[in-house]
Structure formats: structure tokens, C-alpha cells
Amino acid sequence: MKQLIIIIPYFGSWPFWFDAFIESCRYNPNVSWLFYTDCGAPQDKPENCSFIELTFDEYKQLVSQRLGINFFPINAYKLCDIKPLLGYIHSSDIKEYSYWAFGDIDVIYGDLLAYYEPLMERYDFISTHITRASGHLCIIKNCNKLNTAFQKVKGWNAVIENPRHQCFDEKHFTKLFIKNKNWPKVLRNIRDKLNPLMEDSFFHEGHTTPNCRIPWHDGTMNFPLWWKWERGKLTNSLDGEKLYPYLHFMYWKGEVWVDPLHKSQFYSLGKTLEAGFYISENGFHLMPGYPADSV
């Protein structure tokens with residue numbers, strides 16, 4: 001059995017940072033990625049990334065057929081709702097893998113298996129948030145119990161058929177594992193022991209989504225000013241040489257990042273991405289150089 005495959009359906013157009021995303025995939029050669037997309041495959045795609053090209057309408061039909069429902073969302077953001085269902089929908093794609101994952105592309109990966117491999121030896125479901133399934137990356141054992149777990153959500157088919165985004169992944173699906181998350185920890189521990197799905201599940205705050213309402217690991221709201229990716233190693237301005245499995249930079253996608261000038265500058269840098277880069281609220285900055293110059 002191969003170890004891990006990450007499934008990402010994505011339609012529209014690749015964001016300007018996609019080259020950096022793919023470069024971080026390249027440095028995880030023992031992890032596979034599978035994209036269902038109409039965006040096309042990059043010319044210099046890594047061997048561990050596969051692209052199945054089809055239209056959004058064709059993908060809606062595929063999902064409808066696999067689930068036996070009418071899945072016709074009004075936009076591609078609705079695909080977030082089917083993340084926990086991807087192991088079931090794409091069962092033929094994951095049959096050679098012991099684990100599969102759903103995730104996002106507004107991330108930069110570090111050394112994934114350095115973080116996840118020890119956890120995969122013990123747990124069947126791994127989230128980097130303590131109170132919910134982490135939509136940006138969640139690792140799941142390829143087994144019938146978890147691949148069909150979504151069917152335990154009451155009225156799941158109506159939620160998925162709703163053409164608008166319903167936050168099924170981080171809300172409805174999470175409640176199969178975590179209920180009454182505001183209870184005292186002692187009571188939650190007792191509750192978890194009575195839940196078969198929690199027996200082999202790992203919910204832990206990995207601090208992979210900085211700048212959100214969750215405090216940093218030191219308890220403050222002081223977050224790293226920049227992150228550095230260098231040949232598969234991901235570090236930041238606060239934690240020295242501590243390595244992180246990935247960065248979810250959702251809260252840095254602001255007006256500066258969509259500025260046409262910034263995008264053209266990024267694209268003109270070409271394949272020098274492999275030398276490494278910094279990420280800050282102002283975007284991507286190639287190495288060598290010190291990020292304080294542009295932060």
C-alpha cells in the first residue's frame with residue numbers, strides 16, 4: 001500500500017501562487033496529489049501530482065452519480081462541503097493508499113510526513129484544529145468506517161444537495177466527532193471515550209493557520225511576521241528552526257495579494273522558486289534576501 005494521497009477538486013483558474021504551492025508538493029515525493037480541474041496541468045508538474053481534466057459540469061455529474069443525489073451547486077466554493085465525502089466519491093482513486101486527505105490550495109507545505117507519519121501509526125483521523133475538522137488539510141484512514149462516516153449526519157444528502165455552501169466539512173461533519181465543544185475538559189474527555197469515532201482520532205491545534213482568532217502557541221495574539229520555505233522546510237519568524245507541516249495563509253489573502261502588479265512580478269520570477277521564498281502579509285518574496293526588506 002502507498003501511504004497518502006490528497007484529493008483536491010478545483011475549478012476556475014489557478015491562483016497566482018499556485019507555482020509556489022506545486023513547488024512545495026514537489027518536495028514531498030512520498031505523498032501524492034490528485035486534482036480534478038478545468039485549470040490545466042502546470043508544464044513542470046511534479047511526478048507526485050496528477051491532474052484529471054474535466055469541466056465543472058462534468059464533475060457535478062460525477063459527484064451526483066457516485067452519491068446518488070442531485071449535486072448542482074451554483075459555484076465551485078460549494079466543493080468545500082464534499083471534502084469529507086471525497087474518499088467515498090473517489091474510492092477507485094484511493095484504493096492503493098492506506099490514507100487519503102482533503103485540503104486547500106491556499107497553503108504551502110513543509111515536510112508533511114515528518115509531522116504526520118508518527119501520528120498515522122496511531123490514529124485514523126488527524127486534524128490540526130482541536131475543535132473541528134481542519135478543512136485546509138485533514139488526514140483520514142482509507143477504511144469503510146471513515147469513508148462512509150458522512151452518512152451518519154442526519155439529512156446529509158439534503159445538505160449536500162443544497163446549491164449553496166453549508167460548511168458541511170467543518171460544522172456538520174465535525175459534530176460526528178466533537179459535540180458540546182464548550183463543555184469543561186473533564187466532561188469532554190468522558191464524552192469522547194463513549195464516541196467510537198473519537199477512539200482513534202487526533203484533534204490538536206497545530207497552529208498552521210496563523211492570524212486567526214486562535215492564540216499562538218505561547219498564548220498571545222502575536223503571530224509570525226513571515227514564514228520561510230526552503231527546499232521542503234517550513235519555518236517562521238518566531239520559532240527559530242522549528243519545522244511546520246504546512247502554512248494555511250488564508251488571512252493574508254487581501255487586496256495587496258490580488259494587485260495586478262504584484263502578480264506580474266511574481267510570475268516573472270519563473271523557476272527561481274526552487275531556491276526558496278518568504279511569505280508575509282505582503283505576498284511572496286524570493287530568496288536570497290531578508291523579508292524585513294519588504295514586510
- What residue among Tyr246, Trp33, Tyr244 forms side chain to side chain donor-acceptor pair (under 3.5 Å) with Tyr109?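 That would be Trp33; it is the only one of Tyr246, Trp33, Tyr244 passing the side chain to side chain donor-acceptor pair (under 3.5 Å) with Tyr109.
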Heavy-atom donor-acceptor pair, [X] side chain to [Y] backbone, under 3.5 Å:
| X | Y | answer |
| --- | --- | --- |
| Glu161 | Asn70 | yes |
| Asp111 | Leu243 | no |
| Asn236 | Asp239 | yes |
| Glu58 | Thr55 | yes |
| Ser134 | Thr128 | yes |
| Glu96 | Ile94 | no |
| Ser280 | Leu225 | no |
| Tyr99 | Ile5 | no |
| Asp124 | Asp200 | no |
| Lys2 | Lys95 | no |

So, do [X] and [Y] sit near enough that their side-chain heavy atoms are less than 4.5 Å apart?
| X | Y | value |
| --- | --- | --- |
| Ile6 | Phe102 | no |
| Val107 | Trp17 | no |
| Lys253 | Tyr251 | no |
| Ile214 | His129 | yes |
| His136 | Leu247 | no |
| Leu176 | Thr174 | no |
| Tyr10 | Leu79 | no |
| His204 | Ser127 | no |

Is there a path from [X] to [Y] through hydrophobic residues (I, L, V, M, F, W, Y) whose side chains come within less than 4.5 Å of each other?
| X | Y | value |
| --- | --- | --- |
| Phe71 | Ile52 | yes |
| Met221 | Leu238 | yes |
| Phe72 | Ile69 | no |
| Ile130 | Phe177 | no |

- Query: Can you list the steps and then say if Leu62 with His90 is a side-chain contact (heavy atoms from CB on, under 4.5 Å)?
  - Reply: CA-CA 10 Å; Leu62 183 154; His90 298 291; 4.0 Å; yes
- Message: Run the ring-ring contact (aromatic ring centres under 6.0 Å, His included) test on Trp156 and His172 for me, step by step, so that the C-alpha distance in whole Å, both residues' side-chain angles and the decisive distance to 0.1 Å come before the verdict.
- Response: CA-CA 8 Å; Trp156 70 267; His172 302 79; over 10 Å; no
Return the minimal non-hydrogen interatomic distance between [X] and [Y], and the atom names on each side.
| X | Y | result |
| --- | --- | --- |
| Pro42 | Phe18 | CG-CE2, 3.7 Å |
| Glu170 | Gly135 | OE2-N, 2.8 Å |
| Trp252 | Pro224 | CZ2-O, 3.7 Å |
| Asn48 | Cys25 | ND2-O, 2.9 Å |
| Ile22 | Cys49 | CD1-SG, 4.1 Å |
| Trp100 | Asn142 | CD1-CA, 4.1 Å |

- Check the pair Phe168, Phe150 against ring-ring contact (aromatic ring centres under 6.0 Å, His included), reporting the backbone distance first and the verdict last. CA-CA 9 Å; Phe168 185 86; Phe150 69 90; 7.4 Å; no
- Stepwise, does the ring-ring contact (aromatic ring centres under 6.0 Å, His included) test hold for Phe284 with Tyr278? CA-CA 6 Å; Phe284 289 79; Tyr278 292 100; over 10 Å; no
So does [X] have more than 12 non-hydrogen atoms from other groups sitting under 6.0 Å from [atom1]?
| X | atom1 | answer |
| --- | --- | --- |
| Lys145 | NZ | yes |
| Lys141 | NZ | no |
| Phe56 | CZ | yes |
| Lys60 | NZ | yes |
| Lys154 | NZ | no |
| Tyr77 | OH | no |

Could you tell me the separation between the [atom1] atom of [X] and the [atom2] atom of [Y], rounded to the nearest 0.5 Å?
| X | Y | atom1 | atom2 | result |
| --- | --- | --- | --- | --- |
| Asp81 | Ile160 | CG | CD1 | 5.0 Å |
| Ile108 | Leu234 | CD1 | CG | 8.0 Å |
| Asn147 | Ile140 | CG | CD1 | 7.5 Å |
| Ile178 | Phe173 | CD1 | CZ | 11.0 Å |

- Task: Give the intermediate values and the outcome of side-chain contact (heavy atoms from CB on, under 4.5 Å) for residues Tyr123 and Ile139.
- Result: CA-CA 9 Å; Tyr123 299 102; Ile139 310 293; over 6 Å; no
- In sequence, state the C-alpha distance, the side-chain angles, and the governing distance for Thr148 and Tyr88, and then conclude on side chain to side chain donor-acceptor pair (under 3.5 Å). CA-CA 7 Å; Thr148 61; Tyr88 184 91; over 6 Å; no
- Item | side-chain contact (heavy atoms from CB on, under 4.5 Å) assessment of Arg66 paired with Val63 | CA-CA 5 Å; Arg66 301 279 174 87; Val63 172; 5.9 Å; no
Pair [X] + [Y]: basic N to acidic O under 4.0 Å:
| X | Y | value |
| --- | --- | --- |
| Arg26 | Asp44 | yes |
| Arg132 | Asp169 | no |
| Lys83 | Asp104 | yes |

- Message: For Phe125 and Phe202: C-alpha separation, side-chain torsions, deciding distance, then whether side-chain contact (heavy atoms from CB on, under 4.5 Å) applies.
- Response: CA-CA 6 Å; Phe125 188 95; Phe202 181 79; over 6 Å; no
- Name the one of Tyr59, Phe35, Tyr36 that satisfies ring pair (Phe, Tyr, Trp, His ring centres under 6.0 Å) with Phe11?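 Exactly one candidate clears the test, Tyr59.
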- Of Phe21, Phe249, Phe277, the residue whose pairing with Trp229 passes ring pair (Phe, Tyr, Trp, His ring centres under 6.0 Å):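 That would be Phe277.
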